[in-house]
Protein chains: 2
Amino acid sequence: MSTARRSAPRTTTPSPEAGVAATAPRVTKRGLERRDRILEVAAEMFLAHGYDGVSIDDIVKVVGGSKTNVYSHFGGKEGLFAAVVEEMCGDFLDGLQGMEATDPDPAAGLRAIGRALVAVLLEARHVAFQRLVIAESGRFPAMARAWFEAGPQRARAVIARCIAFHQQAGRLRPADPARMATRFHDMIVTNGLYQALLGTPPAAQEREAAIDEAVATLLHGHAA
Amino acid sequence: MSTARRSAPRTTTPSPEAGVAATAPRVTKRGLERRDRILEVAAEMFLAHGYDGVSIDDIVKVVGGSKTNVYSHFGGKEGLFAAVVEEMCGDFLDGLQGMEATDPDPAAGLRAIGRALVAVLLEARHVAFQRLVIAESGRFPAMARAWFEAGPQRARAVIARCIAFHQQAGRLRPADPARMATRFHDMIVTNGLYQALLGTPPAAQEREAAIDEAVATLLHGHAA
DNA sequence: AATATACCATACCGGATGGTATTAAAAGAG
DNA sequence: CTCTTTTAATACCATCCGGTATGGTATATT
């Protein structure tokens, strides 16, 4: 089912008398360190080789320690994978969150957000993450949903705030900022991400040009 | 490796004296039918369960016949997969190819192309195909490249032709039609495809709205 | 110090996988 | 009809996988 995310990871001892909460698992510093190290290694290996491309034994071989420990922390391979993705989801866009639109020129603000966003999304690590999430979106639908909210949707929210700011200042025509943000986000991100997924990420110059075009299109269109 | 795509599929008999082309494989009607049937079944199963989710035995169990035959036709699992994807690449956009822009209103032409394109790309079969290609783009880079050319690039070319037509009529400002087509294509396709990959494809009304917005943005922008 | 728990190392299990070998039946070519 | 090649059926191989069992060690709480 893959939905038992936080419920009962410690499956080794089924708790003698089920009824008295059965001794909460002991949390120690070493234990958390071990857990984090497993997550860390598993993340790198899943990113590099995909879900089916990595076995638990592969991970244990690198982490050290024993297989039992992986199972007691995460319940199994699916639990480990879910934990890995959950932790990575938020990491990429953290730097974007604080961006405020203060420049009176809408083009400048949109360009700044666009540059920051594209720079992060085209990092090799994020490209691998994107591939992983899409690849397993069928097997782990909840995970895919969570990624979408923590990734594209959050980026779009930042853009939407910028758009709303300029609308209130009368520099953009009134319209749903969230929907406008979606169009802008997609113009900026999609092609570069495709290229990167294919192994040929766009050069810096091409990235800039694409952002400039998207800004110009969003603001002025191409009608004669 | 995985580059010996068309070279030597018939690997069973290594040909006694390597020098006289060693009896070209006999091509019969039944043989081709068998081959096509394998491709057909393999395509459906790969789409449904992914590359690692389907074993050769699974495929043989459905197709009938024997494993040996799969290996003599395709050389192995990777060869079979490559053949499957290669054949599917072109199928989706065939209906789009002939679209000609004759309407004097640019918005009408772009909307028509957009509707046709989105309708195809959001079909469950294409969504599964997209997921499959992205998932295996790391393991099969050449396949991913071929998909990109036969898919997004071809769709963009159709859009670009429409744009160029209206530019020459003076209804759109001069600019690189291919690059404009990329922005428009990405605005139209990306979000809907994401939603579909997550299992919640957009309703018809939402699809229409997104296309209309993209057309309006491309033509007029949102500046006050 | 004693006890409970987390961790380590390793062996093991049932099952599945890609791929090969062998032998027999079917079908095309002359 | 005969000979050659393709297809079928099946058994087989080596390997790997997720997961469990076991038995012993480190660590933290009491």
Side-chain angles (χ1 to χ4, degrees), chain A residues 1-2 4 8-17 20-38 42 45-46 49-82 139, chain B residues 1-2 4 8-16 20-38 41-42 45-46 49-82 139:
Chain A
M1 295 302 183
S2 84
R10 310 283 173 160
T11 51
T12 35
T13 20
S15 79
E17 271 128 2
V20 207
T23 65
R26 182 188 282 167
V27 177
T28 79
K29 189 181 164 197
R30 196 172 102 104
L32 290 179
E33 279 173 4
R34 228 67 199 83
R35 198 189 122 100
D36 283 356
R37 177 90 184 115
I38 293 172
M45 300 186 71
F46 280 138
H49 306 111
Y51 182 78
D52 287 308
V54 178
S55 72
I56 306 253
D57 285 314
D58 289 339
I59 294 170
V60 170
K61 218 173 294 169
V62 175
V63 174
S66 81
K67 221 161 136 174
T68 318
N69 206 19
V70 174
Y71 278 86
S72 66
H73 273 302
F74 302 101
K77 195 184 182 183
E78 297 202 348
L80 174 58
F81 184 73
R139 196 180 342 204
Chain B
M1 308 294 173
S2 83
R10 310 280 174 161
T11 50
T12 35
T13 19
S15 77
V20 208
T23 64
R26 182 191 283 168
V27 178
T28 78
K29 189 182 164 196
R30 197 173 102 104
L32 289 180
E33 278 172 6
R34 227 72 197 83
R35 198 190 121 101
D36 283 356
R37 177 90 183 114
I38 294 171
V41 169
M45 300 186 71
F46 280 138
H49 306 110
Y51 182 78
D52 287 308
V54 178
S55 72
I56 307 251
D57 284 313
D58 289 338
I59 294 170
V60 169
K61 218 173 293 168
V62 175
V63 174
S66 78
K67 227 158 119 172
T68 318
N69 206 17
V70 174
Y71 277 86
S72 65
H73 274 303
F74 302 101
K77 194 184 184 184
E78 297 202 348
L80 174 58
F81 183 73
R139 195 179 342 202

K.L.:
Between C:dA6 atom P and A:Asn69 atom CG, what is the distance in whole Å?
P.N.:
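Going from CG in A:Asn69 over to P in C:dA6 covers 10 Å.
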
K.L.:
Answer whether the closest heavy-atom distance between the side chains of A:Tyr71 and A:Leu80 falls below 4.5 Å.
P.N.:
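Not in contact.
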
K.L.:
Counting the atoms with a prime plus P, OP1 and OP2 as sugar-phosphate, which does B:Val60 contact under 4.0 Å by heavy atoms, base, sugar-phosphate, or nothing?
P.N.:
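Contact class for B:Val60: none.
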
K.L.:
Expressed as a whole number of angstroms, how long is the span from A:Phe74:CZ to C:dA6:P?
P.N.:
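Computing the A:Phe74:CZ to C:dA6:P distance gives 14 Å.
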
K.L.:
Are OP1 or OP2 of C:dT17 and a side-chain N or O of B:Ser55 less than 4.0 angstrom apart?
P.N.:
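Answer is yes, contact under 4.0 Å.
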
K.L.:
For the CG atom of A:Asn69 and the CZ atom of A:Arg37, what is their distance to the nearest 0.5 Å?
P.N.:
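Spacing of CG (A:Asn69) from CZ (A:Arg37) equals 13.5 Å.
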
K.L.:
Output the rounded distance in Å from OH (B:Tyr51) to C1' (C:dT17).
P.N.:
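Rounded to whole Å, this separation is 11 Å.
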
K.L.:
For the side chain of A:Tyr71, starting at C-beta, report the closest nucleotide among C:dT20, C:dA9, D:dG18.
P.N.:
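The answer is D:dG18, which lies nearest to the side chain.
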
K.L.:
Could you please spell out the steps behind the side-chain contact (heavy atoms from CB on, under 4.5 Å) verdict for A:Arg34 and A:Val63?
P.N.:
CA-CA 9 Å; A:Arg34 228 67 199 83; A:Val63 174; 4.0 Å; yes

K.L.:
Between B:Ser55 and B:Asp58, do the side chains contain a donor N or O and an acceptor N or O under 3.5 Å apart?
P.N.:
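The criterion, which ignores hydrogens and geometry beyond distance, is satisfied for B:Ser55 and B:Asp58.
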
K.L.:
Separation of B:Asp57 atom CG from D:dA9 atom P, in whole Å?
P.N.:
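Going from B:Asp57 (CG) to D:dA9 (P), I get 14 Å.
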
K.L.:
Does the side chain of B:His73 get closer than 4.0 angstrom to OP1 or OP2 of D:dT7 through an N or O atom?
P.N.:
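Checking B:His73 against D:dT7: at least one side-chain N or O falls below 4.0 Å of OP1 or OP2.
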
K.L.:
Output the rounded distance in Å from NZ (A:Lys77) to C1' (D:dC16).
P.N.:
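Taking atom C1' of D:dC16 as the reference, NZ of A:Lys77 is at 11 Å.
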
K.L.:
Classify the nucleic acid contact of B:Val70 as base, sugar-phosphate or nothing, counting any heavy atom under 4.0 Å across all strands shown.
P.N.:
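Result for B:Val70 = nothing.
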
K.L.:
When the distance from NZ of A:Lys61 to P of C:dA9 is rounded to whole Å, what number comes out?
P.N.:
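To the nearest whole Å, that distance equals 14 Å.
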
K.L.:
For D:dA8, does OP1 or OP2 lie under 4.0 Å from any side-chain N or O of B:Arg34?
P.N.:
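For D:dA8, OP1 or OP2 has a side-chain N or O of B:Arg34 closer than 4.0 Å.
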
K.L.:
With the threshold set at 4.0 Å, does a side-chain nitrogen-carboxylate oxygen contact exist between B:Asp52 and A:Arg139?
P.N.:
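Salt bridge: no.
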
K.L.:
Between atom CD in A:Glu78 and atom C1' in D:dC17, what is the gap in whole Å?
P.N.:
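After rounding, the reported distance stands at 14 Å.
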
K.L.:
Given D:dA21, D:dT7, C:dC7, identify the nucleotide with an atom nearest to the side chain of A:Thr68.
P.N.:
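My answer, after comparing the listed nucleotides, is D:dA21.
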
K.L.:
Contact class for A:Gly76 vs. all strands (heavy atom < 4.0 Å): base, sugar-phosphate, or nothing?
P.N.:
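Sugar-phosphate, no base atom in range.
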
K.L.:
Identify which nucleotide among D:dA8, C:dC8, D:dG18 has an atom closest to any side-chain atom of A:Ile56, counting heavy atoms from C-beta outward.
P.N.:
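The listed nucleotide nearest to A:Ile56's side chain is D:dG18.
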
K.L.:
Return the value, rounded to whole Å, for the distance between atom CZ of B:Phe81 and atom P of C:dG19.
P.N.:
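B:Phe81 atom CZ is separated from C:dG19 atom P by 14 Å.
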
K.L.:
By nearest atom, which of the nucleotides D:dA9, C:dG19, C:dT10 is closest to the B:Lys67 side chain?
P.N.:
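Between D:dA9, C:dG19, C:dT10, the one nearest the side chain of B:Lys67 would be C:dG19.
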
